[in-house]
Amino acid sequence: MNRIISRLASFSLAFYLMGALVLWLFLGIFLARCPATDPAIHQMNQKLILDWLFDAETMDWRVVGWFLGFCLLNLFLFVNLAACTATSLWNRMFFNNDKTKKRLLFVIHGLIALIMIGHLANMGIGYKYSWIKMAPGDSFALPNGAALTVSDVNYAVPVKFLKMDRHEARKQLGREIFDIKENYVSVRLTRYNREIAKGNLYMLKPLRVGPLRVTLNRFFLLENKGENAVGAILTVSKNPIHEAFFLIYALTIVCLLIYLITCKQASPLSPQKNGGINLNQ
Amino acid sequence: MIETATILFPILHGLGLSGFLTALGLAIGQKPVAAAYAFLAGMGGLLLNWGLIIVAAQRLPLYGMFESMTTILLIAGGCLFFDPKKPAGADTIGYGFMALLSGCLFLFPLGLNHDFFLYKSPWVQCFFFFRLLSAGVLFFAGIRFTVALTDAIAPANRMAYAKQQARLLLAGTVLFLLSEFSGSVWCLKGWGDSWRWSENFFQSAAIFFLIMLNLHIPLHLLHHRRARTALGALSSFAVVFLFLW
């Protein structure tokens with residue numbers, strides 16, 4: 001049993017798993033760039049990943065296969081990380097030398113394990129409805145009797161930007177032309193026809209009601225409602241762990257920074273202190 | 001102003017490249033002091049371009065190939081010049097890589113990146129700022145790994161050098177994670193989620209694991225100095241390439 005745990009906690013396993021993940025991610029980049037699989041990758045962002053996985057309509061075996069392989073590699077890496085943290089890094093904390101550094105290393109690995117759990121939770125907790133195209137007056141039904149209604153769309157720049165190629169529009173929509181505060185969408189949130197919140201959505205400034213988040217993705221031109229009628233593309237997501245996830249993420253960076261400073265202060269290690277490894281070869 | 005700047009950008013960048021090439025030639029010819037002055041002249045050219053971008057675009061030079069590469073070269077060049085623990089031969093290799101990257105920039109248009117309204121957001125600015133800082137540090141780490149490949153480090157100093165390299169990679173990681181943190185907040189505010197299944201996110205994750213590979217080298221590879229340093233150099237340069245891709 002001890003042998004299995006030490007194998008699972010080994011540096012070699014971590015190294016090869018990370019190498020495999022790099023290759024797997026490059027395969028993912030290829031799939032995202034390939035015209036045949038790009039729409040399927042894009043579909044992964046439309047809803048919660050767990051809902052996407054069980055939706056037969058959007059299924060593409062290449063992307064599903066890649067995703068399952070990615071999950072499997074991450075699962076192995078998580079087991080390796082957990083085993084290494086619980087055995088080797090835990091035991092090292094009680095060595096007499098460099099106690100602060102060893103404690104920090106233990107904490108950093110623990111926090112990274114929590115970040116991985118956060119990513120996993122992000123795949124299945126709450127809900128997500130992305131890329132909802134809405135015109136003024138439209139409503140979108142949400143779980144538990146809730147509904148989102150667009151009251152008004154204020155698009156203060158010429159609609160020609162919505163008619164041109166998206167990349168070309170991006171080049172022309174500079175800070176002087178597009179004022180974030182002047183382009184917004186007014187929305188109402190109701191539950192069983194009772195208003196629970198209302199407000200304006202701006203670019204990069206979503207409306208938040210507890211764990212619920214309504215985000216303005218972009219504006220679009222309504223084709224059948226007059227020449228200058230503009231609608232909005234929205235995302236509604238509910239995730240109670242985002243704040244905790246970002247807190248852990250920030251804490252990991254702070255711990256890494258402190259670790260870096262303690263490394264700088266530490267004197268060069270002798271081969272004995274370095275676990276007998278002679279790097280001078 | 002932008003028209004004048006657009007004329008000056010290639011001239012100043014040319015000055016930078018000439019400085020680095022002259023420094024390389026002088027360093028090969030065993031004239032380190034003159035090489036250092038030539039290198040400083042090259043850095044001066046880049047610094048002028050950097051300032052010119054700020055004045056012309058009214059923002060930090062963070063976007064597009066020209067602005068990004070100028071920033072990365074300045075950071076890496078600054079690290080190279082002020083490195084107190086520089087081994088012999090580091091300058092020559094450093095000047096060579098700086099000249100190579102500066103020369104590559106002539107393959108791209110030397111002009112300002114288009115303005116975009118999202119560049120107003122502090123999260124977007126932090127994302128690109130820390131990303132370029134990290135790329136600069138990692139490019140410098142790549143130069144140092146290449147130095148270690150050439151037997152320039154005396155055997156007695158190799159362990160200390162390897163530890164300095166690990167610290168440099170760790171510094172690059174911290175800067176990279178700061179950028180990724182800002183990027184995740186940007187993503188949450190713009191798309192309603194902290195992660196997206198897209199090429200850019202796969203690339204960021206690949207960069208993270210590429211850096212981490214070097215900090216988790218198993219014992220049997222740790223004994224092979226050349227394999228270890230080659231992996232370090234390759235992954236550092238690969239990361240910079242991915243940043244600029």
Side-chain angles (χ1 to χ4, degrees), chain A residues 10-12 14-15 18-19 21-22 25-26 28-29 32-33 41-42 44-45 49 67 119 122 128 130 170-180 203-206 213-215 217 235-237 239 242 245-246 249-250 252-253 256-257 259-260 263-264 268-269 271 274 277-281, chain B residues 58-59 114-121 123-124 155-163 166-167 170-171 173-174 177-178 180-181 184-186 188-207 209-210 212-213 216-225 228 235:
Chain A
S10 74
F11 241 51
S12 296
F15 181 81
M18 284 176 194
L21 268 165
V22 170
L25 284 160
F26 277 118
I29 293 172
R33 285 201 152 203
I41 293 268
H42 191 71
M44 294 172 87
N45 298 302
I49 206 75
F67 172 74
H119 273 298
N122 202 23
K128 181 179 167 189
S130 198
R170 191 189 146 112
K171 282 180 186 169
Q172 294 187 27
L173 281 171
R175 288 169 296 172
E176 299 296 319
I177 295 171
F178 191 96
D179 187 343
I180 289 178
M203 285 286 189
L204 299 189
K205 206 173 168 195
R213 189 180 284 269
V214 187
T215 312
N217 296 134
T235 292
V236 186
S237 54
N239 191 324
H242 270 146
F245 174 78
F246 278 106
Y249 200 156
T252 311
I253 297 173
L256 266 169
L257 198 62
Y259 182 76
L260 184 67
C263 277
K264 186 115 182 106
L269 288 180
N274 202 23
I277 306 157
N278 187 2
L279 293 169
N280 286 343
Q281 291 173 63
Chain B
Q58 302 286 306
R59 56 171 166 75
H114 64 84
D115 194 25
F116 189 41
F117 70 90
L118 284 186
Y119 294 165
K120 245 184 181 175
S121 160
W123 294 110
V124 177
N157 300 330
R158 279 179 189 158
M159 196 203 299
Y161 194 80
K163 288 180 72 64
R167 281 204 294 270
L170 210 55
T173 309
V174 172
L177 288 178
L178 280 169
E180 286 304 298
F181 181 85
S184 289
V185 177
W186 171 16
L188 184 65
K189 285 173 175 282
W191 288 274
D193 206 345
S194 57
W195 167 270
R196 275 181 76 76
W197 298 90
S198 71
E199 187 189 339
N200 292 344
F201 280 77
F202 299 159
Q203 192 187 314
S204 290
I207 287 172
F209 287 121
L210 260 176
M212 284 302 109
L213 266 181
H216 293 85
I217 295 176
L219 276 176
H220 65 275
L221 271 182
L222 209 57
H223 291 300
H224 297 280
R225 183 179 62 86
R228 177 164 46 86
S235 51

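In the text below, chain A, chain B and the rest are named by the order of the sequence lines, each starting its count at 1.
- Contacts of L188(B) with chain A are made by both backbone and side-chain atoms, with heavy-atom separations under 4.5 Å.
- Interface residue K171(A): backbone and side-chain heavy atoms are both found under 4.5 Å from chain B.
- Side chain of D115(B) to main chain of R175(A): a donor-acceptor pair is present (N/O by atom type, distance under 3.5 Å, no hydrogens or angles).
- Contact of the F11(A) side chain with the L222(B) side chain is not registered, since no non-hydrogen atoms from C-beta on lie closer than 4.5 Å.
- Chain B forms the most heavy-atom pairs under 4.5 Å with one residue out of T235(A), L257(A), I253(A), L256(A), and that residue is I253(A).
- S12(A) and H220(B) get closest at one heavy-atom pair: OG-CE1, 3.7 Å.
- Interface check for chain B: of the options E176(A), H119(A), H42(A), K128(A), the most heavy-atom pairs under 4.5 Å are formed by K128(A).
- In this structure, L118(B) and F178(A) have side chains that are not in contact, with every pair of non-hydrogen atoms separated by 4.5 Å or more.
- Comparing G174(A), P206(A), G19(A) by heavy-atom pairs within less than 4.5 Å of chain B, the highest count is held by G174(A).
- For the pair Y259(A)/L170(B), a side-chain contact is recorded, criterion being any heavy-atom separation below 4.5 Å from C-beta on.
- At a 4.5 Å heavy-atom cutoff, the contact between M203(A) and chain B is made by side-chain atoms alone.
- Interface remark: V124(B) contributes side-chain atoms only to the contact with chain A (heavy atom separation under 4.5 Å).
- Closest approach of F202(B) to I41(A), counting heavy atoms only: CE1-CD1, 4.2 Å.
- Among residues two or more places apart in sequence or in another chain, the salt bridge (charged side-chain N to carboxylate O under 4.0 Å, His left out) test is passed with K120(B) by none.
- With sequence neighbours left out, S237(A) forms a side-chain hydrogen bond (donor to acceptor under 3.5 Å, both in side chains) with no residue at all.
- With chain A as partner, the option from A166(B), S121(B), S184(B) having the largest number of non-hydrogen pairs under 4.5 angstrom is S184(B).
- The shortest heavy-atom contact between F246(A) and S194(B) is CZ-CB, 3.8 Å.
- For the options L21(A), T252(A), I29(A), N239(A), heavy-atom pairs under 4.5 Å to chain B are most numerous at I29(A).
- For I180(A), the part lying near chain B is the side chain, with the backbone staying farther off; criterion is any non-hydrogen pair under 4.5 Å.
- Of the listed residues W123(B), F181(B), W186(B), Y119(B), the one with more heavy-atom pairs under 4.5 angstrom with chain A than any other is F181(B).
- Within the 4.5 Å cutoff, the side chain of W191(B) has no heavy atoms near those of the N45(A) side chain.
- Heavy-atom pairs under 4.5 Å with chain B peak, among R213(A), R170(A), M44(A), at R170(A).
- A donor and an acceptor atom, one from each side chain of D193(B) and N122(A), are located under 3.5 Å apart.
- For F15(A) against L213(B), the heavy-atom pair with the smallest separation is O-CD2, 3.2 Å.
- Ranked by heavy-atom pairs under 4.5 Å with chain A, the first of Q58(B), E180(B), R196(B) is R196(B).
- Proximity to chain B (any heavy atom under 4.5 Å) is shown, for I177(A), by neither the backbone nor the side chain.
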